[in-house]
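Heads up: numbering here begins at 1 and tracks the sequence.
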Amino acid sequence: MTVSIFPIRHHGPGSARSLDHALRALQPDMLLVEGPADGDAVLPFLTREDLEPPVALLAYATGDPARASFWPFAAFSPEYVAFRWAAQAGVPARFMDLPASATVGATAEDRLDAEAEGLLVGTDTPEPDAELRTDPLRLLAAAAGYADFEPWWETLVEARGHDLDVFGAVLEAMQAVRADAGPARGHEAQREAFMRQTIRAAQKEGFGRIAVVCGAWHAPALDVTQVKAREDAALLRGLPKTKVTLTWVPWTHGRLSASSGYGAGVRSPGYYHHLFTTPEHVTERWFARAARLLRGERLDASSASVIEATRLANTLAALRGRAVPGLDELNEATLSVFGWDSDLPLRLVEAKLIVGEALGRVPEDTPTVPLAQDLARLQKTLRLKVQAEPHDLTLDLRQDTDLARSALFHRLNLLHVPWAQERHAGGRGTFKEAWALAWKPEFSVRLVEASRAGQTVEQAATTLAVERAHGSARLSDLTALLEAVRYANLRAAVPPALDALNARAALNADVTDLLGALPPLARLARYGDVRGRHGDRDLNAEATFRTLLTRASVGLPTAAVGLAGDAAQDLRSAVQDGDASVRLLDDPAALSEWQATLRRLADREDAHPLLVGDAVRRLRDAGQLDPAEVERRLSVALGAAAPLAVTEWLDGFLGHSGTLLIHDAALLALLDGWLTGLDAAAFQEVLPLLRRVFSRFEKAERRAIGGQLRGGAGRATQAAAALHEERALRVVPLTLKLLGVNA
């Protein structure tokens, strides 16, 4: 009996290509591959023709789906290549690592997450040999004169053709490194013990030639002649066990990249896929793909540029003593030839080709939860394309198919599966919805988690919406939920949401919360019938809106008294929401009630000046205060004893636009006169807040205000002329600087 060990790098195309040729040459009787042993139950799906990598083996605790682990496989993963070879050759193949029941069931302290598994094994606590254990190949790369591990590995392994000698060389290097690192400990020791036990079990079954495919770090430890079986059995005694469910889910190249946080990630999954699937003319075809991508983005990329980039990459490789160009040479050539004076082409190539967002596909009969099956059925019925690359979709809610798509998107968001995120829909009409769609692998786990609430998307969304209604303490959360369930067409969830809203409204006296609850109700009352559904009348959002508005109107003037700065800002934001909601509803009675409330607030001398100034501005914009009255109120506010109170009033009054000061010379003159009349200490005190107020204005607005002050037009000139010229000149540079004007 012979055991041949093939140390590989997870997701390494060079390792995969060499492994394929090695297996063809060896023709083993049994194939053992690093991976969870209980994954054998779903292993046949991996080699099906209707499965398209990248995919991942998902294992989750049956009663607690949030505890889950993934084992990803790409087309260029050596493990995937090994299983494909075994299926074609009719050779039995198995996983040989610790079962997922032990990995998922382990505690956070002693568990090495399956997502963090890779070529190298990490340790949780710093130790003298920690660098050897966590990154041995990086040390070898440094010894070879490479600052980065990736180019060294690509040059030696990934960019080479099939090379059977590479496995012996890697094994020899790992033996030397592990001799200095010392024996394995903890979870790592248990994993290697389990793999050795699996090899012994295969030997007992009588297989003559056994091929073992494992991460390079583990290879030196899998010699079963060096460790006694009883020692391994002792290490494995008492392993945690949790009932798990295993299935296959689509994965993406983006999730295989090291930048995603995946421990065994590679920096260039898209490029590695190109290396593995392109048998010849690798460099030429890479630049041809890059040119096609750039032309699709309306950037210059001619055939002559492809030829020149290929020549440059080959020349760079020759100068650096490399047989073929690596990714560094390809990137430098891309930047030089296609980039001209911008790095945009290279950034596009990096995002779309070097990493990429290819999304895998699993067979339709892959075991999964009924909720995921229902979503797959709906995606097919509604002709929705599932892809990792973000793409936009604009819906016409007058069409039945688009109306059903909208309901599905809103339901999934209630399930915390934000496959579709709503965007602003351009153009006229309220019958449009714009969405940005991008599928992420973690959504598969969220579907499993949500499956406790129902077997269909509609059932699960309804259950979770009702749970949220019962658990929400804020009115704004409840009205937002009510809007969501209406858009999701979850009729069964409307009565519980309404009951919870009415119950909270009867007890809630928080004006900020009352005002924050108005926008969803206003949208429902104004646009609820756009979807053409019956039942919006039963909802009676307008009546609920009027009830909450009345309660907020009664409490607002009193709530504005005795507030600290942060609380005043929060209430001001709520007033803004309430004001916009009233104007959206376009109900004369509600508008009259709201404006009367703003007037009472503006008349209160003990209210926070920020809110008083804001109320005066809103009444002025609504035509409820004539210019003379606004000027009078501003004059009174500027006469306050405390300069900080004046600046807070101005903060509320001026808001985020300087248009008022540009078109009203009288107001500008009053403000200018107040500011120039401050003594030095008061001016320094109010300067920071005034700077914040004026920084919100557009640059053109600040320039126009400064121009009026500099030109001395109108009453601003008269106010300035009344001052001593020398004293005025001292103030002007600071004022202009405050207003953002270049003196």
Notebook entry, point to check: Under 3.5 Å, side chain of S257 to main-chain N/O of G254, donor-acceptor pair present?
Noted result: yes

Notebook entry, point to check: Between D402 (side chain) and L395 (backbone), is there a donor-acceptor pair under 3.5 Å?
Noted result: no

Next item on the list: Could you check if a side-chain atom of R405 sits within less than 4.5 angstrom of a side-chain atom of R383, using non-hydrogen atoms only?
Entry: yes

Item checked: G339 backbone acceptor or donor facing D343 side chain under 3.5 Å -> no

Check: Which atom pair, heavy atoms only, marks the closest approach of F287 to A309?
Finding: CE1-O, 3.5 Å

Next item on the list: Check P441 against R255 and note the closest heavy-atom contact, atom names and distance.
Entry: CG-CG, 3.6 Å

Next item on the list: Kindly give the heavy-atom pair with the smallest separation between P269 and L256, and that separation in Å.
Entry: CB-CB, 4.2 Å

Note to self: Apply side chain to side chain contact (heavy atoms under 4.5 Å, CB included) to residues R191 and E34 and explain how you reach the verdict.
What the structure shows: CA-CA 10 Å; R191 292 184 59 209; E34 182 180 326; 2.9 Å; yes

Margin query: Quick check on the 6.0 Å ring-centre criterion: do W435 and H410 meet it?
Written below: yes

Check: With side chains defined as the heavy atoms from C-beta onward, is the minimum distance between W85 and T47 less than 4.5 Å?
Finding: no

Item checked: Spacing of L375 atom CG and S451 atom OG [to the nearest 0.5 Å] -> 12.5 Å

Notebook entry, point to check: Ignoring hydrogens and geometry, is there a side-chain-to-backbone donor-acceptor pair from R446 to V417 under 3.5 Å?
Noted result: no

Next item on the list: Take T401 and Q399, measure what side chain to side chain contact (heavy atoms under 4.5 Å, CB included) needs, and give me the verdict at the end.
Entry: CA-CA 6 Å; T401 298; Q399 306 294 326; 5.5 Å; no

Next item on the list: Decide yes or no for V282 and L275: does some side-chain heavy atom of the first lie under 4.5 Å from some side-chain heavy atom of the second?
Entry: yes

Margin query: Is there a side-chain contact between V306 and V337 in this structure, where contact means two heavy atoms from C-beta onward sitting under 4.5 Å apart?
Written below: no

Checklist line | Flag if over 12 foreign heavy atoms under 6.0 Å of CZ, R320 | finding: yes

Next item on the list: Anything under 30° is parallel, anything over 60° is perpendicular, the rest tilted; go ahead and classify H273 against H253.
Entry: tilted

Notebook entry, point to check: Where do S15 and P78 come nearest, in terms of heavy atoms and distance?
Noted result: CB-CG, 3.7 Å

Notebook entry, point to check: Step by step, would you call W71 with L58 a side chain to side chain contact (heavy atoms under 4.5 Å, CB included)?
Noted result: CA-CA 7 Å; W71 287 264; L58 165 63; over 6 Å; no

Notebook entry, point to check: Where do E49 and R84 land on the salt bridge (Lys or Arg N to Asp or Glu O under 4.0 Å) test, with the steps shown first?
Noted result: CA-CA 10 Å; E49 292 299 328; R84 290 279 295 180; 3.6 Å; yes

Item checked: CE on M96 to SG on C214, rounded to 0.5 Å -> 5.0 Å

Check: Thinking salt bridges, do D40 and R94 make one under a 4.0 Å N-O criterion?
Finding: no

Item checked: Side-chain H-bond candidate by donor/acceptor type, W217 with E188, under 3.5 Å -> yes

Notebook entry, point to check: Can you find a heavy atom in the side chain of S305 that is under 4.5 Å from one in the side chain of D300?
Noted result: no

Check: Between W251 and F70, how do the two ring planes meet: parallel, tilted or perpendicular, split at 30° and 60°?
Finding: tilted

Next item on the list: Measure from the ring center of W419 to the ring center of F443 and say whether it is less than 6.0 Å.
Entry: no

Check: According to the interplanar angle, ranging from 0 to 90°, do the rings of F73 and F95 count as parallel (below 30°), tilted (30 to 60°) or perpendicular (above 60°)?
Finding: tilted

Note to self: Strictly distance-based, threshold 3.5 Å: is any side-chain N or O of S268 a donor or acceptor partner for the main-chain N or O of G270?
What the structure shows: no

Notebook entry, point to check: Checking salt bridge (Lys or Arg N to Asp or Glu O under 4.0 Å) for the pair D374/K380: CA distance, chi angles, key distance, verdict?
Noted result: CA-CA 10 Å; D374 183 59; K380 186 175 182 180; over 6 Å; no

Notebook entry, point to check: Would you call the rings of F76 and Y272 parallel, tilted or perpendicular if under 30° counts as parallel and over 60° as perpendicular?
Noted result: perpendicular

Notebook entry, point to check: If you round to the nearest 0.5 Å, how far is CD of E350 from CG of L327?
Noted result: 8.0 Å

Note to self: Assess whether a salt bridge exists between K352 and E297, defined as any Lys/Arg side-chain N lying under 4.0 Å from an Asp/Glu carboxylate O.
What the structure shows: no

Next item on the list: Check for a donor-acceptor pair, side chain of S77 on one end and backbone N or O of Y80 on the other, with a separation under 3.5 Å.
Entry: no

Checklist line | Side chain T103, main chain A100, donor-acceptor under 3.5 Å | finding: no

Checklist line | Test side chain to side chain contact (heavy atoms under 4.5 Å, CB included) applied to V91 and L23, step by step | finding: CA-CA 11 Å; V91 173; L23 293 175; over 6 Å; no

Item checked: Side chain to side chain, W248 and L57, heavy atoms closer than 4.5 Å -> yes

Margin query: Between R289 and E284 (salt bridge meaning N to carboxylate O under 4.0 Å), is one present in this structure?
Written below: no

Item checked: Nearest-0.5 Å distance, OG of residue S406 to CZ of residue F431 -> 14.0 Å

Checklist line | Reported CZ-to-CG distance for the pair F6 and L19, which is rounded to 0.5 angstrom | finding: 6.5 Å

Note to self: Any heavy-atom pair between the side chains of W286 and L353 that's under 4.5 Å?
What the structure shows: yes

Next item on the list: Ignoring hydrogens and angles, tell me if any N or O in the side chain of D38 forms a donor-acceptor pair with the backbone of P99 under 3.5 Å.
Entry: no

Note to self: I'd like to know if the side chain of R411 reaches the main chain of A488, judged simply by a donor and an acceptor atom lying under 3.5 Å from each other, with no hydrogens or angles considered.
What the structure shows: yes

Margin query: Side chains of Q455 and Q373, heavy atoms from C-beta outward: is any pair under 4.5 Å?
Written below: no

Checklist line | Residue that, paired with W439, satisfies side-chain contact (heavy atoms from CB on, under 4.5 Å) out of E389, Q379, Q387, E357 | finding: Q379

Margin query: Run the side-chain contact (heavy atoms from CB on, under 4.5 Å) test against P363 and tell me which residues pass, sequence neighbours left out.
Written below: F45, R48, D50, L51, D365, T366

Next item on the list: Indicate yes or no: does R17 engage D20 in a salt bridge with an N to O separation below 4.0 Å.
Entry: no

Next item on the list: Kindly compute the distance separating CD (E329) from OG1 (T315), expressed to the nearest 0.5 Å.
Entry: 11.0 Å

Item checked: Donor-acceptor under 3.5 Å (E172 side chain, A169 main chain) -> no

Next item on the list: Could you tell me whether the side chains of H274 and R285 share a donor-acceptor contact shorter than 3.5 Å?
Entry: no

Check: Where is the tightest heavy-atom contact between A216 and P7, given as atom of each residue plus distance?
Finding: CA-CB, 3.7 Å

Next item on the list: Work out which heavy atom in V362 is nearest to a heavy atom in P250; give both atom names and the distance.
Entry: CG1-N, 3.9 Å

